[in-house]
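By convention in this document, chain letters (A, B, ...) are assigned in the order of the sequence lines, proteins followed by strands, and residues within each chain are numbered from 1. The analysis underlying the following values was restricted to heavy atoms, covering all of them including side chains, and did not include hydrogens, waters or symmetry mates.
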Amino acid sequence: MISQVFILSSKGDHLIYKDFRGEAGSDVVGIFYEKVTALTGDQPPVVMSHKDLHFVHVRQGGLYWVATTTADSSPFTIIEFLNRFTALVKDYCGSLSEKSVQMNFALIYELLDEVVDYGYIQTTSSDVLKNFIQTEAVSSRPFSLFDLSNVGLFGAETQQSKVAPSSAATRPIQSSREQGGKSEIFVDVIERMSVVIGTNGVLMKADVEGEIRVKCYMPSCSEMRIGLNEEFSIGKSQLRGYGAAVRVDECSFHQAVRLDEFDSHRILRLCPSQGEQTVMQYQLSDDLPSAPPFRLFPTIERDSGGRLLMYLKLRCDLPPKSAAINVCATIPVPKGSVSLSQELSSPDQSAELKLQNRAVDWKIPRFPGGTQLSALFKLEVPGLSSASMLEVGPVGLSFELPKLTVTGLQIRFLRLSPIQPGPSQRWVRYVTHSDSYTIRI
Amino acid sequence: MPYLGGEDTVRELRRALSNPNVQSDQLRYRNTILKVIRAMSQGVDVSGLFSDMVKACATVDIVQKKLVYVFLCSYAALNPELSLLVINTLRKDCQDPNPMVRSLALRNMTNLRLPSLMEYVEQPLTAGLRDRAACVRRVAVLGWAKLHNLQPNSEIDAAVVNELYSLLRDPDPVVMVNCLRALEEILKEEGGIAINKPITHHLLNRLSDVWGQCEVLRILQRYRPQSEDELFDILSLLDASLVSPHPQVMAATLSLFLSLCSGLPAVSLAALERVRGPLLAACGSVSRELRFTALCHIQLLLRSLPGLMGAHYKRFFCGYAEPAYIKQRKMQVLVELVNDDNVTMLLDELKGYCTDVNTDTAQAAISAIGRIGRSYSDRCLEILTGLLALKQEHITSAVVQTMRDLVWVCPQCSDTVCLALEGCEETLQDSQGRQALLWLLGVYGEQVSSAPYTLEVFIDGVRSEVSLGVKMELLTTTMRLFLCRPAETQDMLGRLLHYCIEEEPDMCVRDQALLYYRLLHCGIEETQKVLQGRRSDPSLGVLIGRPSEPISQWACSFNTLEPLRQGTVETDSTSRGSPEHVTFEPKPNTDLSDTLNFSLTLLLFLGDEKMEEDYMCLEEQIQFPAIPHCSPQSLQAAMQLVNIQTLAFTPPHTLPWRVYLYTHTQHAGDSPHITLILGELLYTGEANQRAVLKKALKGFLSILTTVLHTLSSERK
């Protein structure tokens, strides 16, 4: 049961406040913000209490989405509700930000009104909600084709070197109502990997969490069939086909997905509802089908002048046609590091010493497969001792691999039936990203 | 929000709202109303516009209606008279052919929260229950709950309750679940809705939408199946939702499973195995809040099934970008998962976190290594000593505290620890770390060659010392060192005692110094008897290798906010592991490495006059169901484990047998203060407790109860 829901900006501005049960005072927002600001660091605990009030919050789009509730309510329910609510707001407003929430507050009030009654969650399905929601979304900027111009259709190469990040389709779902011609469907295969590579270059841990996300802008879509690789298999026993198998450990589907053709032909059938939904989730642990995308060869030493020399060679083991983008390597450095001088192999890279994080951030905007980059960092560390070397590393990498899935999962085809009248566009996009790719030194 | 200029805005808005030109132009009218709502949600008081807004609600434009209702519901309580005007429009809307308008009107009618309007609301609500459209019925059903809570003392209308019960068979699943919710609220006094066999099976066979499902599963926890067959029927129905991809369904199902199978531990354990997959999946979710929730619940599961996640320990490695609260939980889980095969990997990983930028994370990693050290001391000590070389304040302090805790449990580590201590004092800044160092020096003084020199530095700086704890610890340490190395220490002990007795402003320190001074007069043997307490407690090792608890210990807190909050308490308590403080941990047996040599110190708090002034008496009597008649020694030992000291007890076999207990606590909360708790335990079965603070008392009692329970279970 939810007593209140409110949205706060990170600066503490009240954006939305809705009291469902009229039981607690209205200063709860103030109490919550006081609690947040009283803490050091920017990571307040998920659950905070003040007398009988319990605040549960999630942070998305730089905003606090808070629900107040009783002690015995289920945290899974509340957090999943808040997550679902943010997803709805994103669907209806196009994007999640302070600005879009501020501009669409009437729409959000309307959503909240339909989604929760008297603190009880009624429905969060966009199919049901679309009949009730009347307010039009206000986009913070007009939607233009330019945003989509760099999306690869069916994984095809585009001219631009930069590929849109995983969230290119940011427009409100309802605008499709008037612009009748603009009926589109996006199918994204998104994988997140977390990897730990040991000092000797041995892969110590590799997990992949993937999902297939459908974002549908079609006002009515009867049935969609998504065909996956035929040789896709779940679990260890079930290997099939002759080619290189695409294997995952565990797999779960959205309840609307019908699986009658899945066992024989690896086809998912579903009627997508408007907005974004995850139709399939899967995991793979400890067994990557290909080599991990990055290897690091570090040499770290002290020079005679008491400086710390870090010579880093980073190799990208992707296939030559692919490339990683937005690569950022974070190298922790000893406390007390004062300044950094750098030699990088190309001008588009950059490196910076972040004193607050005690780390050097090495940014590589584009890193083609099969190549190797090197960097030499010289750090001025007063009072550098041999023990300080302990503080260097492990290196953390974050990156995006567009048009690539590490598990090898592909979408063979995407069919809508019956064939939609008028122009409809189907997009398939692949992306793998990681914010937890650790290489020990 | 001053820049919005409250009054001017309101005046401006009122002018616009009453302007006929605006009113005739639908778009302009709607935009003006939008501005009102915007001002409202930004915190401007726009209640003055109530009458204008009432007029605006008579419109065919649904968007405008919705906006006006948002406004009206917020301000109705301030304008009960004017709200009467709205009721007419609302009642008319309830007759509207459009079901959306009907449900909207009905919902807002009940959201006005005005008891005076109740008589007008009942009729449309009754009609709403029989409406053709499901969306109206959904609203009407909950409307009755709202109505009831507005006037909780009013009589319950049996006809309505019956109607609600019959609506449990409504074809719409949300109506059904709303009926459950409404009945729960209306019948709260009677313990909620009556769950019988037909209702249970009806509900179980109609689990559909995710949110409703959670609600139904929660309510079904009250149902007790009549036979074993029925129980297993229910369990097999639930089996599929146990591995649901929606974590909230999985958690609700497991909760129900555990409550149904409370008598069948084997089935419960099998259910825990089943949810491993979904829980691990939730641990890897995109939403970090969900990941955190799943982690906290995994900790609960591990209490009963320590081996549950053994093979998946790598899933609990921390990501670089994860927030500190997740990292700390993951480390707590990792410590539980250590075994011979993975210890090298785990320690390697934890070592990486010790130099984390976030000092809390770093310290948590160091103490996690210390915990592992209880079973794998050599490897851990190697890492810990390596960290000392970094010479960083927070790391050194955490390492020294960890070493103290480790030595208390594993005395065989003392040689390595003593070697490592050399030179630490230069880096240590905080009082916690220095207290730990002093304790180690006092207890293992004969093994640390430089101990007297280190102490001398402390004693020379005692004048500028601010921490009370450090001063007290310094006194004890110097006394202890004097006992084993008198020649080197005598002079500085004299200086320290002189300073503390003559110049020290703090009463506690002075009293302790006086006590030691007098103790020395009694002769060295007496002194030795008092000061050479235990230096370690290997028996704790048994408590640490955690035995698996029965599931019932935590089943009631599963899927509540409780497991998520425990962490915040732990991180808040800054007094972690400090010898003379009791930290109120939910699991008192995990952090027991505190040292217990301060019985004398604590005694002296009684002499504190200031204390007498603030003395406030609070008496509370509690009953322990089964107090064992155990020997005073075993009781004392058990109490000491949780830092409760026995003041005195009557000789055994006298009745009533009395024990006087005391302890003191430190609150890390808003205003740090120390609370002294005194207690009298009577064997006749009651105990008088006196305390200065109720909160502290509660914690004390819970620990006391635990101890007594443990004792009584051992007796059996």
Side-chain angles (χ1 to χ4, degrees), chain A residues 14-17 22 41 43 45-49 54 56 58 71-77 79-80 83 105-106 109-110 113 117-118 120-124 132 134-135 194 196 204-205 207 209 250 252-253 281 283 285-286 330 332 335 357-358 385 387-388 390-391 394 396 398 435-436 438 440, chain B residues 34 37-38 41-43 62-63 66-67 70 100 107 113 138-139 142 145-146 174 178 181 209 211 214-215 245-248 251-252 277 281 284 286-287 289-290 292-293 314-315 317 319-321 323-325 345 348-349 352 355 357-358 386 389-392 559-562 564-565 567-568:
Chain A
H14 304 196
L15 301 180
I16 297 285
Y17 169 81
Q43 296 155 335
V46 178
V47 175
M48 290 189 281
S49 324
H54 299 271
V56 181
V58 303
D72 61 343
S73 47
S74 155
F76 286 103
T77 309
I79 286 172
E80 279 296 88
N83 284 334
F105 70 96
Y109 273 123
E110 197 181 351
D113 216 28
D117 192 10
Y118 204 42
Y120 296 109
I121 304 165
Q122 301 291 303
T123 179
T124 54
F132 292 94
Q134 303 281 325
T135 315
S194 65
V196 176
M204 312 195 65
K205 168 199 161 173
D207 283 338
E209 266 134 23
E250 265 168 74
S252 61
F253 302 93
Q281 283 175 301
Q283 290 140 36
S285 14
D286 279 336
T330 308
K335 195 178 181 180
N357 297 333
R358 235 179 54 214
S385 70
S388 306
L390 256 180
E391 286 185 88
S398 66
D435 58 1
S436 137
T438 309
R440 294 203 193 127
Chain B
L34 213 58
I37 311 283
R38 189 190 297 268
S41 55
Q42 282 167 341
I62 294 191
V63 179
K66 286 189 172 179
L67 285 172
V70 170
M100 205 200 305
R107 182 164 55 225
R113 298 196 193 112
R138 293 174 183 178
V139 174
L142 279 184
K146 296 181 199 170
V174 182
N178 278 355
R181 294 160 166 164
D209 129 276
W211 308 110
C214 299
E215 202 85 29
H246 301 283
Q248 66 271 43
V286 195
S287 152
E289 288 82 10
L290 187 65
F292 174 71
T293 314
K314 286 183 187 169
R315 301 291 283 270
F317 284 4
Y320 176 76
Y325 59 82
M345 273 286 270
D348 256 8
E349 185 69 23
T355 48
V357 181
N358 185 321
L390 286 175
K391 298 209 177 299
Q392 290 193 17
N559 203 16
T560 66
L561 299 184
E562 197 55 39
L564 280 79
R565 287 172 52 211
T568 43

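Both the backbone and the side chain of B:Ala145 come within contact range of chain A, judged by heavy atoms closer than 4.5 Å. Contact annotation for A:Glu80: both backbone and side-chain heavy atoms come within less than 4.5 Å of a heavy atom of chain B. Within the 4.5 angstrom heavy-atom criterion, atoms from both the backbone and the side chain of A:Ile121 approach chain B. Using a 4.5 Å cut-off between heavy atoms, B:Asp348 touches chain A through backbone and side chain atoms alike. Interface residue B:Leu290: backbone and side-chain heavy atoms are both found under 4.5 Å from chain A. Only the side chain of B:Lys66 comes within contact range of chain A, with at least one heavy atom under 4.5 Å from a heavy atom of that chain. Both the backbone and the side chain of B:Glu349 come within less than 4.5 Å of a heavy atom in chain A.
The side-chain hydrogen bond (donor to acceptor under 3.5 Å, both in side chains) test applied to A:Ser73 returns A:Thr69, not counting sequence neighbours. For A:Glu250, there are no side-chain hydrogen bond (donor to acceptor under 3.5 Å, both in side chains) partners, not counting sequence neighbours.
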| Steps toward salt bridge (Lys or Arg N to Asp or Glu O under 4.0 Å) verdict (A:Asp117, B:Arg138) | CA-CA 9 Å; A:Asp117 192 10; B:Arg138 293 174 183 178; over 6 Å; no

| request: Might you work through the side-chain contact (heavy atoms from CB on, under 4.5 Å) test for A:Tyr109 and B:Leu67, ending with a clear yes or no? | output: CA-CA 8 Å; A:Tyr109 273 123; B:Leu67 285 172; over 6 Å; no

| message | Please determine whether side-chain contact (heavy atoms from CB on, under 4.5 Å) holds for the pair A:Glu110 and B:Val70, giving the CA-CA distance in whole Å, both sets of side-chain angles, and the decisive distance to 0.1 Å. | response | CA-CA 9 Å; A:Glu110 197 181 351; B:Val70 170; over 6 Å; no

| query | Where do A:Asp113 and B:Arg107 land on the side-chain contact (heavy atoms from CB on, under 4.5 Å) test, with the steps shown first? | reply | CA-CA 9 Å; A:Asp113 216 28; B:Arg107 182 164 55 225; 3.6 Å; yes

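A pairwise comparison of heavy atoms in B:Lys314 and A:Met204 identifies NZ-O, 2.5 Å as the closest pair. For the residue pair B:Arg565 and A:Val47, the shortest heavy atom distance occurs at CG-CG1, 3.4 Å.
With hydrogens and angles disregarded, no donor-acceptor distance shorter than 3.5 Å links the side chain of A:Arg440 to the backbone of B:Gly352.
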